Every structure is written in structure tokens, then in C-alpha cells.
Number of protein chains: 2
Amino acid sequence: MSPRVRIADVAAAAGVSTATVSRTLSSPGLVGEKTRERVMAAVSATGYRINAAARDLRRQQPRAILVLAPNLANTFFSRIIAAIQDVARQAGLAVQISDSRAGTDVLEAIVQSGRADGIVLLDGALPPDMVRNWTLPVIQLCEWNDGYALPGLRIDNAAAARVAVDHLAALGHERILHVSGPAENVLSQARQAGFREAMTARGLPADIHDGGFTIEAGAAAAHVWAAMADRPTAVFTASDECAFGFISECYRLGFEVPRDVSVIGFDDVDFAGHFIPPLTTIHQPRARLGRQAAERLVSALLEDAPLGEGYDQIPPHLVIRSSTTAYRAKTQGGSAA
Amino acid sequence: MSPRVRIADVAAAAGVSTATVSRTLSSPGLVGEKTRERVMAAVSATGYRINAAARDLRRQQPRAILVLAPNLANTFFSRIIAAIQDVARQAGLAVQISDSRAGTDVLEAIVQSGRADGIVLLDGALPPDMVRNWTLPVIQLCEWNDGYALPGLRIDNAAAARVAVDHLAALGHERILHVSGPAENVLSQARQAGFREAMTARGLPADIHDGGFTIEAGAAAAHVWAAMADRPTAVFTASDECAFGFISECYRLGFEVPRDVSVIGFDDVDFAGHFIPPLTTIHQPRARLGRQAAERLVSALLEDAPLGEGYDQIPPHLVIRSSTTAYRAKTQGGSAA
DNA sequence: CTGAAAGCGCTTACAG
DNA sequence: CTGAAAGCGCTTACAG
């Protein structure tokens, strides 16, 4: 189309200076009503849109936030990012997303490009030395790393593991297996520690199988479980996906859930309630996590105040569905092994 | 920490002009070797990073692409966006994402902000008048709208429906129900048209139930199916989620898949192969779709060439798993209704 | 309430 | 091969 309309074009059309156009757009209160009307008319007539690069350069702030997540293809993040996007939009900030595993050089270039005012970091496994050197405000979300020394937000993962154990124990289960996430992941570690602690507090043995967050890890764990001499009557998995894989594979092996084994997942993804059986799981309020983290970051940016130091922890919430049931003394259930 | 390092600081440190620093960074070939080395040393020493706003303003191009998707929380998009992100990063472009349903004002502001060089549009339901006025290169992906008059990329949805029907017909099914997506959605329409055409070509009646893409829509469709006088022996659903809901609800109603009804999904989401039964479905190569669209857009941007006009259609690919089976003459299967 | 002017940090013809 | 200088399109003290 026509070459871009600049502020000078609008000023000419309205018969005012560019300063007045700029003020009309950013602080209408400073401009006389008649002038304002003339300017707005000129803006519509010309189809003027502010040039973000020029504004950013002049204001020395890009009005954008950067979301850094490991593996953007992971569906866990989509709802979180949608919530961040929503908060940012309402505050007039753009959202840029990048894969945090892109490589440190790439990441440094992105972070230091001056294109973002602040960062939401969903990855706890970046080099602490790099992250500590970032000069923008950063808020950690879900995952974390003490080496970053940053404020953040997450659910209380250890407490969540305790709630899971409480639920199973109340149902009479005493042999409980925890299929953990990847060993190097902070979430895995916190949940595993919470599990161990809750079991120990009850005087129960804490069986742990190093698993993973994936369907495949869950399916593999089913074989491990099935081969155990004195099979645990309940399993607490690292994630819903892991639980799905575990349950599906149990079914193939001739076992049924919860008849032969009760299963608790983690995350409460959209599908958890529709699975067969509907999955008992720890709910992660993804929209809330995204929104709350974004709000904290955005308000710090707008007020030009520091982010603060605290780590907000959301208390865990167990959603009880049908994959867990009361322990029944050995029924010789399961048609195979 | 220290106030941002500017190009002038690097120039001073290296004892050269800012022009030379700029050249060293963007066109090293133009600079003498010794000079280049000195500049690079100064860059490292000062920790200089280019200011994107200044560069963009000067170059008159932001080197970023904007991804517009309806409902970012939809997990269908995550893998696509990851692929786009990947291509863009390799080309040195940033990726900005926005919810395309944010409202036309917001959307116009984002699109016209000058922050993006080009757009990947995943939404076929925006006002054509608005989209046609956009002056940036836009490529449509997955969804489309003839009113936009834009180039794009998608799988051949009508052909996919035909492939589904072919598969079921080859298995001996003659009464096939199509649970369609939302009536106003182009994907629904194309698949529905393909279904109708394929059935008609075989002289079979084309039963269509207006459903939706969601689990809930699938569950509701199960009730409709169960209540049909002469129940179809096969169902082709709008999406995998819809198929999951349909199958789960069938199970609750006392039917089994594929014993009582064969089911074909659409999309081949990650979970499809792990569902019980593993779902026969049309594969959507999401990573490939994202990559291919991004590559086309990026190469047009880098070469400053037009995007071209074509609409690439990827041929459909049916993944046969266990939710479909050969038709067996009425077994009085299903324990209830 | 409004305007003239400086300057944000770059890049790139132009000149040498 | 290198530098001096203009200018990208804004915003905002400063002055009136």
C-alpha cells in the first residue's frame, strides 16, 4: 500500500505539531478538546499506527515481555502462555516467546536485545551464571533454580506429594510406589522428597522408581510394577501423562485400575477427567499460575518497582476421581503377569 | 547492571568509529582483519549487545514474525508454534505471538505496530476486510478463508475425509456417521464436504451430526449415536479429542470400540496412539506444517520477494491403529443403550 | 495548551 | 578499509 504513515503526516493533516499528535495519543488529558478531536480525526483519516521501534528507542523501553520455556511443544505450557499473553495484552505489552533450550548464545542475544522489559522463565535448568547476569526483571514460574536467586511462583510440590500420600493412606494403602520424573528436574526432586517424607512419617517404606514425565515412562513403569514381588497397591506418578501410560500398559498386561492398583497423577491436564478411569490427580492451576506471574511482573514493570524477593507457593489441590479406590485385601486380581 | 553499553562505548574501547563497529558486526567482510579483531575484543570486553529498537528503526525492518492463533491454550498449536519458532530463530528472526481473538482493535494495533515483518495466520475466522488491508506478508496455516485472498498451507481436508471413508468402506462398513466440527469452521466444512462426496460416490447415505472439536462434543455425540434407530457401525469424528470423548462415553453406555463401532479421529495428537484402544486417525504433520509455512514466509522476507500465490496442500495420511475393525453382521453387541 | 528542538542508538550512503 | 554525518520516527523537557 502507501508508504507508512508517520506522525508528521498526521500532524500535517491536523494542522498541529508532531508533539501535539504524540500527546494526544499518549496523554490525551494534556491536549485541548478541539485539538484532540482534530488530531483523532486525522489519525483515523490517515490510518496512522505508532511505529513501535521509534517509540521504544525514544522511551528506552520496549513494552514487551519475554516468555522462556523449555520445549514449546509441550502442551503443559500452552494454557500458561495464553494466560500470560492475556495479562500482557491488557497492559499494552507484547509477548515474545522463545525456546529456552535454544543454546546460550542465542538466548543471550534474545534476552539482551533490548526487545523485552522483563522475563517469565519456565525453565529451571539453565546455567545459573548466565541467568544471574541478566539485568531485566525475571520471574520464575513452575520450575525454579536456587542458583538463579530470583523471585517466583509455583505450586507447593512437596505438599502435593504429601496430599497424594494422605489420600492413598486414608484409603488403606500401605504399599505405595512413586514413579518419579527425571532425576535432574527440580519438580521431580521436590515431589520425591515430599513423598519420601510423607511415607517415612507414617512408618511406611518409600518405594521409588526413576521414571519420567512421558507416556512412555509410565508404560515402562507398569512393567516394573507388574514384576515387583509384592506389588504396591497404589502408585503416585510424576505427571498425568505418566499416569496415562501406566494405566494403559497395566490394562494391556491384564490389570485393571483401580481394581488392581490405585493411581494418582500430577497436573490435571484437560484430558484427565475424561480418561478411563477418570484420573485422580493433583491439580495445577495453569491459567492462574500464568496470570499471577504475569501480573506480578507487569505491575513491577509499570510501576518501575522491583519485583520483590518472595517465592509464592500455591497450596496443592487434589482432584479425586475414579482411578483411586479403597485398598482391599488381596483378591488375586489381575488376570496375568 | 551498568547502564547499557552502546555502540559508541565499544567504538571508544576499540579506538575506531561506530561505523566500523557496526560493520564488524553486520558485514565483517568489509573490515580489515586487525580492526575486526580489536572490535570483537572490545565487544566481548564491554558485553555489548545490539539495541534492537535502534537497529529496527534505522533499518526499517523489525526482523520478527508474528504468529496469530485463535485460543493459544489449544494444544493443537503448540507443536506448530515450536516449529515456527525454530525456523525463525535459525534465520535470526524473533517470534511474537498473539491471540487472534483479542478483538479487532487490539489486533490492528499489534499487526500495524511495525514490530513484525510478516505474519503466520492460524485463524480463518477474522473479518476479511481487516485481513485484506494488512500490508505485511501473511501466510495462512491450517485454517483459511477465501475472503483473505492470501497464500497458505494446509493438509487436504476433503481428501482426508475421503481416505477415512475409503478405509471404513474397505472394512465393510456401509452405515457411517460423521460427527462434524463447528458448522462455521472451514475445516469442518471441508471435511464434511469430503465425507459427503465420498459417501455419495459409493451410493451410501451420508449421516452427519453437527458436533464440535471437543471431548464434550464427542461425548454428546455418543448419546446421539446410541439413540439412533439403525446405529451406524462406524464413526468419523471431527478431531481426536472428539473421538476420545465419543469412545469414553460409549464405554460408559456399555458399548465397546471397535467391537460395537469403529472410530476414526482427526489430527493424530500425541496421545492418540496411547489411547485405549489406540486410535485410527488422520495424521496432521504439525511440525512440518509449522516449519514449511515459516520457511516460505522467512525466505520471502529475507529475499524481499513476494510470498507467491499458491496454496500448498499436503496429502492426507491415515494412521491405522486399533479403533477400527472389519464390519461384522449384527452381533447384538453392546450391553445397553 | 502548544511548538521547536534535541536526542534515543543504530546503519549506511558518501567521501576519501 | 575507515570515518563523519545524516536520519530512521518517535517523545519530552523546555519555553512561551
Side-chain angles (χ1 to χ4, degrees), chain A residues 2-40 42-43 46-64 92 94 109 112-117 304, chain B residues 2-40 42-43 46-64 92 94 109 112-117 304:
Chain A
S2 48
R4 269 194 83 79
V5 178
R6 287 146 305 140
I7 199 170
D9 302 322
V10 180
V16 298
S17 71
T18 60
T20 297
V21 176
S22 177
R23 283 191 203 101
T24 306
L25 261 19
S26 54
S27 333
L30 298 180
V31 178
E33 192 180 328
K34 304 238 142 154
T35 315
R36 197 191 316 148
E37 278 164 12
R38 246 178 331 140
V39 171
M40 291 313 291
V43 166
T46 54
Y48 173 69
R49 307 276 166 184
I50 266 178
N51 177 309
R55 176 174 33 54
D56 293 351
L57 176 59
R58 174 58 227 230
R59 283 208 179 147
Q60 298 282 72
Q61 59 168 261
R63 297 189 63 80
Q112 313 281 11
S113 69
R115 274 194 164 140
D117 296 297
D304 203 15
Chain B
S2 48
R4 269 195 84 79
V5 179
R6 286 148 303 140
I7 198 169
D9 302 321
V10 179
V16 298
S17 71
T18 60
T20 297
V21 176
S22 178
R23 282 191 203 101
T24 306
L25 261 20
S26 54
S27 331
L30 299 181
V31 177
E33 192 180 327
K34 304 239 142 151
T35 315
R36 197 192 314 148
E37 278 163 12
R38 246 177 332 138
V39 171
M40 291 314 290
V43 166
T46 54
Y48 173 68
R49 305 276 166 184
I50 269 179
N51 178 309
R55 175 172 36 54
D56 293 351
L57 176 58
R58 174 58 228 231
R59 283 205 178 152
Q60 298 282 72
Q61 60 167 263
R63 296 190 63 82
Q112 313 281 10
S113 69
R115 274 193 164 142
D117 295 298
D304 203 15

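Given the structure is predicted, the values throughout are model-derived calculations rather than measurements.
Remark: P of C/dG9 and CD of A/Q112 are 16 Å apart, rounded to the nearest angstrom. The distance from atom CZ of A/R49 to atom P of D/dC10 is 13 Å, rounded to the nearest whole Å. Atom CG of B/L57 is separated from atom C1' of D/dG7 by 9 Å (rounded to the nearest Å). The distance from atom CG of A/N51 to atom P of D/dG7 is 18 Å, rounded to the nearest whole Å. Following rounding to the nearest Å, A/E33 (CD) and C/dT2 (P) show an atom-to-atom distance of 11 Å. Put simply, CG on B/D56 is 12 Å from P on C/dC10, counting in whole angstrom units. In this entry the distance linking CZ of A/R6 with C1' of D/dG7 reads 12 Å, nearest Å.
Proximity of B/Q60 to the phosphate of D/dG9: a side-chain N or O atom is located under 4.0 Å from OP1 or OP2. For A/Q61 and C/dC8, the shortest distance from a side-chain N or O to OP1 or OP2 is not below 4.0 Å.
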Set out, in order, the CA-CA distance, both residues' side-chain angles and the distance that settles side chain to side chain contact (heavy atoms under 4.5 Å, CB included) for B/E33 and B/E37, then state yes or no. CA-CA 6 Å; B/E33 192 180 327; B/E37 278 163 12; 3.4 Å; yes
Could you check B/N51 against B/R6 for side chain to side chain contact (heavy atoms under 4.5 Å, CB included), going step by step and ending with a plain yes or no? CA-CA 8 Å; B/N51 178 309; B/R6 286 148 303 140; over 6 Å; no
Begin with the C-alpha distance, continue with both residues' side-chain angles, and end with the deciding distance and a verdict on side chain to side chain contact (heavy atoms under 4.5 Å, CB included) for B/R49 and B/V5. CA-CA 7 Å; B/R49 305 276 166 184; B/V5 179; over 6 Å; no
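Distance check on atom P: C/dA5 versus C/dC1 gives 23 Å, rounded to whole Å. Comparing the same atom, P, in D/dA13 and in D/dG9 gives a spacing of 23 Å after rounding to whole Å.
Taking 4.5 Å as the limit, some side-chain heavy atom of A/S26 sits within range of a side-chain heavy atom of A/R59.
The minimum heavy-atom distance linking A/Y48 with A/L25 is given by the pair CE2-CD2, 3.6 Å. For the pair B/R115 and B/A64, the tightest heavy-atom approach, listed with the atom from each and the gap, is O-CB, 3.4 Å. Here the closest heavy-atom approach between residue A/P28 and residue A/R36 is recorded as O-NE, 3.5 Å. Summarising the geometry of B/A13 relative to B/A42, their closest heavy-atom pair is CB-CB, 4.0 Å, with the distance given to 0.1 Å.
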Counting Watson-Crick and G-U wobble pairs with both distances under 3.5 Å, what is the dot-bracket string for DNA chain C, 5' to 3', using [ ] for crossing pairs and | for pairs to another strand? |||.||||||||.|||
What string of B, S and - do you get for nucleotides 11-16 of chain D, 5' to 3', when a contact is any protein heavy atom under 4.0 Å? BBB---
Which pairs would a plain distance check flag for residues 14-23 of chain A, meaning a side-chain donor or acceptor within less than 3.5 Å of a matching protein atom at least two apart in sequence or in another chain?
from: A/S17; atom 1: OG; to: A/A19; atom 2: N; distance (Å): 3.3
from: A/S17; atom 1: OG; to: A/T20; atom 2: N; distance (Å): 3.3
from: A/S17; atom 1: OG; to: A/T20; atom 2: OG1; distance (Å): 3.3

